[in-house]
Number of protein chains: 2
Amino acid sequence: MGDMAGRRTDARQKMVSAARELLREQGYHATALSDVLRRSEAPRGSVYFHFPGGKAELAVEAAALHSQEQVSAIDSAAAAATSPAELVRAYLERARTNLVASDYRQGCTIAPLVIESTRDSDELDAVGRRSFETIIAALAGHFVAFGLAPDDARRLADVTVAGAEGALITARALRDPAPFDAMIDVLTRGIA
Amino acid sequence: MGDMAGRRTDARQKMVSAARELLREQGYHATALSDVLRRSEAPRGSVYFHFPGGKAELAVEAAALHSQEQVSAIDSAAAAATSPAELVRAYLERARTNLVASDYRQGCTIAPLVIESTRDSDELDAVGRRSFETIIAALAGHFVAFGLAPDDARRLADVTVAGAEGALITARALRDPAPFDAMIDVLTRGIA
DNA sequence: CCGATGCTATGTCGGTCGTCATACATGTCA
DNA sequence: TGACATGTATGACGACCGACATAGCATCGG
């Protein structure tokens, strides 16, 4: 009973996790369901059972997982930080570390969903907006707690996320983390 | 003769142009050759003739076209600018204008090629790096002409391109140009 | 008029997604 | 205890769509 539910959740989670990895590496359309199944060691028929919406629903959940992890990381970093600048730095360094550690393979999970403009499902169209909004709101909330005015906090959150996304793309293309360092310098200069 | 060559070049160019638009809107894998043919009003069978390398070669040329246009725009903007900050602003505003004018559909042509990590061809893997390198070099060159030290110029060019890429993604997802404005503020603050 | 070259329409093959009939495990009841 | 019923899980199948190759056509030069 608990076992069954546990297994079910387990298989689901493994699929979502595998989908997230593949999205980060290859994007949406380049990732076949068979890729996800191979990596998660799940049988083909399970997809439709766990995700009636098919591939689109799987991607939506993968994006949700990604943004949740980002928010968790932001909260942890904020607890350890003493200024907005430190939180900005932590956020960008986390992205850089993941990218370099994966040999410039793993970027952002959400970006491909935005760029590939998938008309597969309405949810999938909306998930990019929701995910970024969630992450930006989390950052902005902590910036306000550090004493910034709400408008300034929002703007700083915007550039932090945009800076990370852009650095992920260019650093990945160049196979060089320099854009991250330069971006961190610019973003943390002139703010407390 | 001249006519024939002209027609041939014309058809080629229209296909490359259509491919570039579709890449900006949908990315690589979501764009079918049939989409390119429909938009370019080219005959169905002529792809392989004009582009023996197939879809990958078409994408490479589209990326090359994109980066060439970027460099041209940079040169023009640099001629009209009097400081690095003005060039940075012009570069970002151009991206923002294109995005908003297309109702948040047209992003960057190169980014999807990086993100979708296509193993379709070696050229395609390399084109992302080359294209960004070209654009960054163009920007950095003008920054040096404005008096910046080479290292500083390169760093500023890195963040300018990364900032534009990131703003394109987040602004597109949010359907709001605010990230561009915030990024422009941050990047032009503290530099001559 | 004929040969050759640039150019195009059609066919083929491979791959992906979604579905379905079947096998299974678990909990139930005689 | 042992057979059954219920809802879950799976491997195989079919329809579709993609890129690519080839055979045929128009056009031009000799």
Side-chain angles (χ1 to χ4, degrees), chain A residues 1-16 18-19 22-23 25-62 112-113 116-125, chain B residues 1-16 18-19 22-23 25-62 112-113 116-125:
Chain A
M1 37 185 299
D3 186 39
M4 186 181 63
R7 279 187 170 279
R8 172 181 169 169
T9 306
D10 215 48
R12 250 189 79 94
Q13 208 57 25
K14 277 178 78 174
M15 284 190 230
V16 173
L22 288 162
L23 277 177
E25 295 172 10
Q26 305 178 343
Y28 180 75
H29 287 285
T31 299
L33 281 177
S34 55
D35 293 336
V36 177
L37 296 172
R38 196 175 326 111
R39 188 170 296 202
S40 60
E41 292 172 345
R44 176 154 194 80
S46 305
V47 175
Y48 191 73
F49 175 77
H50 289 297
F51 310 93
K55 189 180 178 182
E57 185 177 344
L58 187 52
V60 168
E61 299 230 10
L113 301 180
E116 299 186 42
S117 178
T118 52
R119 295 263 164 64
D120 285 12
S121 102
D122 293 340
E123 274 304 306
L124 200 50
D125 289 341
Chain B
M1 35 185 299
D3 186 39
M4 185 183 63
R7 277 187 171 280
R8 170 181 170 171
T9 307
D10 216 49
R12 251 188 77 94
Q13 209 56 26
K14 279 177 76 174
M15 284 191 230
V16 173
L22 288 162
L23 276 177
E25 296 172 8
Q26 304 178 344
Y28 180 75
H29 287 284
T31 298
L33 285 177
S34 57
D35 294 335
V36 177
L37 295 172
R38 196 176 323 115
R39 186 169 296 202
S40 60
E41 292 171 348
R44 280 191 62 191
S46 53
V47 176
Y48 192 72
F49 174 77
H50 288 297
F51 307 93
K55 187 180 180 181
E57 184 177 345
L58 187 51
V60 168
E61 299 229 11
L113 301 179
E116 300 186 41
S117 179
T118 53
R119 295 263 164 66
D120 285 12
S121 101
D122 293 341
E123 274 304 305
L124 202 49
D125 288 342

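Lettering of chains follows the sequences in order, A, B, ..., and the numbering in each one begins at 1. Values in this document were obtained by computation on a predicted structure and should not be read as measured data.
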In whole Å, I'd like the distance from the [atom1] atom of [X] to the [atom2] atom of [N].
X      : N      : atom1 : atom2 : answer
B:L124 : D:dA19 : CG    : P     : 13 Å
B:L58  : D:dG18 : CG    : C1'   : 15 Å
B:F51  : D:dA21 : CZ    : C1'   : 18 Å
B:F49  : D:dT22 : CZ    : P     : 16 Å
B:D120 : D:dG18 : CG    : P     : 15 Å
A:E41  : D:dA9  : CD    : C1'   : 17 Å

* Apply side chain to side chain contact (heavy atoms under 4.5 Å, CB included) to A:S46 and list each qualifying residue two or more places apart in sequence or on a separate chain. =>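 In terms of side chain to side chain contact (heavy atoms under 4.5 Å, CB included), with neighbours along the sequence ignored, A:S46 is linked to A:M15, A:P43, A:H50.
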* **Close side-chain approach of A:F51 to A:R12, heavy-atom, < 4.5 Å** =>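 Result yes, sub-4.5 Å side-chain heavy-atom pair found.
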* So do A:V36 and A:V47 actually touch side chain to side chain, heavy atoms under 4.5 Å? ->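 Contact flag for A:V47/A:V36 side chains = no.
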* **Selection residues 37-57 of chain B - residue pairs positive for salt bridge (charged side-chain N to carboxylate O under 4.0 Å, His left out), sequence neighbours left out** =>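 Matches after skipping sequence neighbours: B:E21-B:R39, B:E25-B:R39, B:D35-B:R38.
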* Has the side chain of A:E116 got a donor or acceptor atom that lies under 3.5 Å from a matching backbone atom of A:G27? ->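 No, A:E116 side chain to A:G27 backbone: no donor-acceptor pair under 3.5 Å.
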* Using a cut-off of 4.0 Å between protein heavy atoms and nucleotide atoms, how would you tag nucleotides 12-18 of chain C 5' to 3' with B, S and -? -> ----SBB
* Of all heavy-atom pairs between B:L23 and B:Y28, which one has the smallest distance, and what is that distance? ->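 Shortest heavy-atom contact: CD2-CA, 3.6 Å.
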* Asked: So, is A:S46 near the phosphate of D:dA9, with a side-chain N or O under 4.0 Å from OP1 or OP2?
  ->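 For A:S46, the contact criterion (side-chain N or O under 4.0 Å from OP1 or OP2 of D:dA9) is not met.
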* A:H50 has a side chain; which of D:dA9, D:dG11, C:dT8 sits nearest to it? ->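 So the nucleotide nearest the side chain must be D:dA9.
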